Amino acid sequence: MCISSVLHHHHVPPCPRPLAFVTHCLYCPDATVNPLTSEVVAPCANVVYTPDHGVNYDDPCSTGGCIVSPQCSTGTCRLQDLGGRWVCCACRRGGNVYRTCTNRKVGSPDTFCYHDVCQTCKPDGSPGKESTLSS
Ligand SMILES: [Zn+2]
Ligand SMILES: [Zn+2]
Ligand SMILES: [Zn+2]
Ligand SMILES: [Zn+2]
Ligand SMILES: [Zn+2]
């Protein structure tokens, strides 16, 4: 039998997003598997739901199931907050659209800056303007 339970995703301050509840399923060998990808496509006929009283929706942390939101830990939230385009606080150049700064590192043009978007990085308010190509 497969076990379905409710976990919750935390966003890490100062990310203002609220808790998100997610259903997580532990599949047993009877679950239906896609033979091509060997991914589970459906649980078996005997799904056990961990009792609802196991989750206190007012204080979910008290009953466990805490997980840091993968979106938050990877910087996806911050990228969204900055409107998808940001100015790197490490090299001060904009035009970044990924979670990591892809401007060339100052002084070593073969290397990217690789600064991960953080709270100090600013939104890039100049759409269309490509990153400064000064040499
Ligand atoms: Zn099962
Ligand atoms: Zn929690
Ligand atoms: Zn977040
Ligand atoms: Zn940078
Ligand atoms: Zn930064």
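Remember, it's a predicted structure, so these values are computed and weren't measured experimentally. Basis for what follows: all heavy atoms, side chains included, without hydrogens, waters or symmetry-related copies. When a ligand or atom number is given, it counts from 1 through the structure's own listing order.
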Is there a donor-acceptor pair closer than 3.5 Å between any side-chain N or O of Ser38 and the backbone N or O of Pro35? no
Given 3.5 Å as the limit, does a donor-acceptor pair link the side chain of Asp124 with the main chain of Gly95, or not? yes
What's the SG-the Zn ion (ligand 5)-SG angle here (Cys89, Cys121), rounded to 10 degrees? 120°
So which atom in Cys25 and which in Cys2 form the shortest heavy-atom distance, rounded to 0.1 Å? SG-CB, 4.3 Å
Mind listing the protein N/O/S atoms less than 2.8 Å away from the Zn ion (ligand 1)? Waters don't count. Cys2 N, Cys2 SG, Cys28 SG, Cys44 SG
Hydrogens and angles aside, do His9 and His11 bring a side-chain donor and acceptor to less than 3.5 Å of each other? no
Find out if a path of hydrophobic residues (ILVMFWY) with successive side-chain heavy-atom gaps under 4.5 Å connects Phe21 to Leu7. no
Within-4.5 Å side-chain heavy-atom neighbours: Cys89 and Gln119: no
Of all the N, O or S atoms in His115, which has the shortest distance to the Zn ion (ligand 5)? NE2
As an exercise, state the distance from CE of Met1 to CG of Asn46, rounded to the nearest 0.5 Å. 8.0 Å
Going by chain and residue number, what protein N/O/S atoms come nearer than 2.8 Å to the Zn ion (ligand 3)? His11 ND1, Cys15 SG, Cys72 SG, Cys77 SG
Is the side chain of Trp86 donor-acceptor paired with the backbone N or O of Arg99 at a distance under 3.5 Å, no angle test? no
What distance separates Cys91 SG from Arg104 CZ, expressed to the nearest 0.5 Å? 12.0 Å
